[in-house]
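Order of listing sets the numbers, starting from 1, for every ligand and every atom in it. Worth saying up front: this structure is predicted, and the values here are computed from it rather than measured.
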Amino acid sequence: MNTHHVLGALVLLVSSASSLAVETTGIPQDQVKERNAFIADLMKKMTIDEKIGQLNLVTVGPDYQKEAIMADIRAGKVGGVFNTVTKPDIRRMQDQVKESRLKIPPFYAYDVVHGQRTIFPISLGLAASWDMQAVATSARISALETAADGLNMTFSPMVDITRDPRWGRVSEGFGEDTYLTSRLAHEMVTGYQGKDPSAPDAVMANVKHYALYGAVEGGREYNTVDMSPTRMFNDYMPPYKAAVDAGAGGVMIALNSVNGIPATSNTWLLKDILRDDWQFKGLTVSDHGAIGGLVKHGVAEDDRQAAAMALKAGVDMDMADNMYGKYLKGLLADGLVSQQDIDRAVRDVLAAKWDMGLFVDEYRHLGPQSSDPADTNAESRLHRPEAREVARTSLVLLKNTNQTLPLQKKGTIAVIGPLADSKRDVMGSWSAAGKAAQAVTVLQGMKDVLGDKGTLLYARGANITNDQGMVDFLNSYDKQVINDPRKPQDMIDEAVKTAEKSDVVVAVVGEAQGMAHEASSRSDISIPQSQRDLLKALKATGKPLVIVLMNGRPLTLTWENDISDAMLETWFSGTEGGHAIADVLFGDYNPSGKLPMTFPRSVGQIPLYNSVLNTGRPFNPQHPDKYTTRYFDITNGPLFPFGYGLSYTSFSVSDVSLSSTTMDAKNPLTASVTVKNTGKVSGATIVQLYLQDVTASISRPVKELKNFEKINLQPGEEKVVTFTVNERDLRFYNDKLKWASEPGKFNVFVGLDSQDVKKTSFLLK
Ligand code: BGC
């Protein structure tokens with residue numbers, strides 16, 4: 001089979017696209033030589049079985065238990081282990097290394113996506129903060145806690161751009177935008193790895209899922225991806241490259257195919273782009289069982305051929321299906337893979353271990369036994385203040401009429417809804433080793449913040465869903481959703497009585513965390529009917545209604561927006577989520593989060609996102625015309641646009657002033673606005689810069705995010721925010737996949753969301 005994509009020749013023209021000239025992480029260049037010499041020497045001593053053993057990334061499970069893994073470590077058959085997460089467990093495994101012939105330690109990895117013991121907001125929530133400091137804090141603390149558990153690697157960050165909220169994994173990524181996600185990719189990698197991934201408090205980052213997993217057709221999990229090369233390079237690839245440029249030690253290969261060829265056997269992706277063009281020197285790992293998946297994709301006849309294809313395409317390690325272990329030796333004997341193919345992969349694995357410091361001290365992260373915590377889940381191991389602070393930055397105020405929020409700290413407040421007191425859900429999916437018992441729910445957070453100043457009443461009001469099929473699905477791997485056995489109407493009646501006794505109702509509704517996870521695509525992204533019935537009954541009480549949303553994807557909220565007085569988007573906000581939400585509800589913290597993904601009015605509008613290309617018949621809301629691009633049965637445009645989010649104060653933004661109306665490669669220009677806090681309380685906001693290349697050789701987005709800055713303003717205070725625009729910011733991949741700018745007119749937009757902007761323009765000479 002020819003895995004060389006038709007675009008293989010074009011890729012040679014693809015130049016570096018990172019505009020993030022910031023610090024990276026990785027081992028110092030002068031150590032590379034020393035490392036390579038060490039590895040060359042070690043490899044001379046290795047048998048073919050020992051080499052193949054290094055390519056085996058194993059997971060603990062019912063079919064492969066700890067004792068069996070330990071025996072395989074002694075036999076030199078294990079390169080890395082994942083899903084073992086406590087120091088004592090890892091130490092027991094690591095102690096086996098002494099009994100192996102060459103004493104090459106495995107590394108220990110885990111899916112630490114938004115925290116290890118202390119859980120931070122889900123990635124989509126982190127993205128909603130647009131706060132690089134907060135994101136860096138979350139990654140740094142994740143690394144500290146991960147390393148403190150004896151682990152060396154995280155399968156994170158997940159930087160798949162996605163414009164389809166039906167896909168459950170939108171919760172795990174940073175949303176729809178290329179620029180925002182690229183900035184976050186950089187922060188996450190440098191946060192995890194620190195200056196040097198071998199530091200005892202650092203872990204190696206393994207960026208995923210390369211490539212384009214977020215573009216699965218119809219948002220259906222594991223589905224096909226088919227995409228034009230210009231969209232691929234302009235919109236979807238930059239975040240992976242940003243992670244690679246930041247020094248990510250590993251890249252995980254996606255489960256999907258890309259234009260017909262599975263990523264796992266895609267030489268074009270893995271060699272031509274990743275290695276040759278991007279100069280990635282680290283480790284590649286397959287996703288779970290993806291090598292065997294090549295047979296099901298229909299590109300390999302059997303597992304044996306799949307193993308050969310993956311290795312030859314450039315997949316170094318085989319995650320969880322032992323295809324390399326089973327077949328590589330025979331494939332080598334039959335000449336179907338070469339010694340060089342195997343050696344190349346082994347070299348990458350050993351280099352990653354060298355970079356993690358494991359050849360200097362294989363107990364690098366474990367430390368001495370005396371350092372093992374007496375209680376792995378001890379409170380003292382958590383970072384609660386940081387989690388609360390980061391979670392506050394992630395909350396997005398979607399609506400606030402009549403200053404319903406902040407709530408006054410007095411009177412009686414009804415807290416209602418199936419998510420109001422759910423410890424498991426507030427943590428979100430992929431919550432690593434976090435313990436739900438340690439999470440603060442909204443109800444608890446409100447109790448703590450209100451103290452004895454007022455009265456809180458609670459009623460569950462509804463189950464997440466009354467659809468038993470959905471409950472069974474969500475509980476098919478572990479018991480996640482526990483329904484209250486009472487009749488739905490009885491629960492609603494109780495909630496209404498509670499509401500009637502109160503001054504204001506806070507309804508905490510949305511999705512169970514498992515509804516926004518791997519393998520949880522939805523065809524309907526509304527709040528389940530059971531909860532909508534509850535909201536309707538609460539609305540009928542006439543009490544002010546505050547909807548607190550907990551969800552891992554954009555939802556369709558047109559009706560909820562109509563009936564509520566205020567709406568706060570809280571995602572799944574982690575261990576300290578309840579406190580952070582209470583801080584915002586009671587006004588101890590003024591929200592500043594902005595949506596990292598467009599919220600559509602209806603599922604039928606998907607995909608709906610900010611940086612669309614223009615069409616030959618654009619829709620103009622001022623002059624709606626039949627023969628323009630639109631749906632005739634719904635208001636055009638999103639319910640809440642990308643970059644949107646309110647504050648308890650108000651801001652004014654001046655017109656944009658440019659330092660010059662022309663620029664060239666040598667002379668960048670600046671675009672400035674004056675932002676003023678025109679309200680009564682201090683607050684932060686995110687000032688956003690968008691650009692449009694008005695006429696180019698290919699159609700360019702009508703408004704592309706190119707920079708942003710978070711600012712804090714006291715009441716009455718104003719600040720000038722200045723963005724530098726240079727020629728690199730104007731480059732894009734053209735139809736020859738050449739990354740270059742084109743002279744002509746550019747529009748500049750600055751605002752506090754993607755729609756409400758001030759506009760001007762300049763010429764690139
Ligand atoms: C997921 C990856 C994850 C891996 C290991 C796979 O099913 O797609 O994101 O890292 O499992 O848990």
Exercise. Is there a donor in the side chain of Asp89 and an acceptor in the side chain of Thr84, or the other way round, less than 3.5 Å apart?
Worked result: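 Looking only at side-chain atoms, Thr84 and Asp89 do not form any donor-acceptor pair under 3.5 Å.
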Exercise. Any Lys/Arg nitrogen of Arg275 or Asp348 sitting under 4.0 Å from an Asp/Glu carboxylate oxygen of the other?
Worked result: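 Judged by the 4.0 Å cut-off on N to carboxylate O distance, Arg275 and Asp348 do form a salt bridge.
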Exercise. Between Tyr240 and Tyr210, how do the two ring planes meet: parallel, tilted or perpendicular, split at 30° and 60°?
Worked result: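 Rings of Tyr240 and Tyr210: perpendicular, as their planes differ by over 60°.
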For this session: List for me each residue that meets side-chain hydrogen bond (donor to acceptor under 3.5 Å, both in side chains) alongside Asp478, sequence neighbours excluded, and say none if there are none.
Result: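 Asp478 satisfies side-chain hydrogen bond (donor to acceptor under 3.5 Å, both in side chains) with no other residue.
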May I have a table of the N/O to N/O pairs between ligand 1 and the protein that fall below 3.5 Å, each row giving the two atom names and the distance to 0.1 Å?
residue	atom	partner	partner atom	Å
ligand 1	7 (O)	Glu518	OE1	3.0
ligand 1	7 (O)	Glu518	OE2	2.9
ligand 1	8 (O)	Arg169	NH1	2.7
ligand 1	8 (O)	Asp287	OD1	3.3
ligand 1	8 (O)	Asp287	OD2	2.5
ligand 1	9 (O)	Arg169	NH2	2.8
ligand 1	9 (O)	Lys208	NZ	3.0
ligand 1	9 (O)	His209	NE2	2.7
ligand 1	10 (O)	Asp111	OD1	2.6
ligand 1	10 (O)	Lys208	NZ	3.1
ligand 1	12 (O)	Asp111	OD2	2.5

Exercise. Which residues satisfy the ring-ring contact (aromatic ring centres under 6.0 Å, His included) test with Phe107, sequence neighbours excluded?
Worked result: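 Checked Phe107 against ring-ring contact (aromatic ring centres under 6.0 Å, His included); zero matches.
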Exercise. Quick one: ring-ring contact (aromatic ring centres under 6.0 Å, His included) partners of His365, sequence neighbours excluded?
Worked result: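 With sequence neighbours excluded, His365 shows a ring-ring contact (aromatic ring centres under 6.0 Å, His included) to no residue whatsoever.
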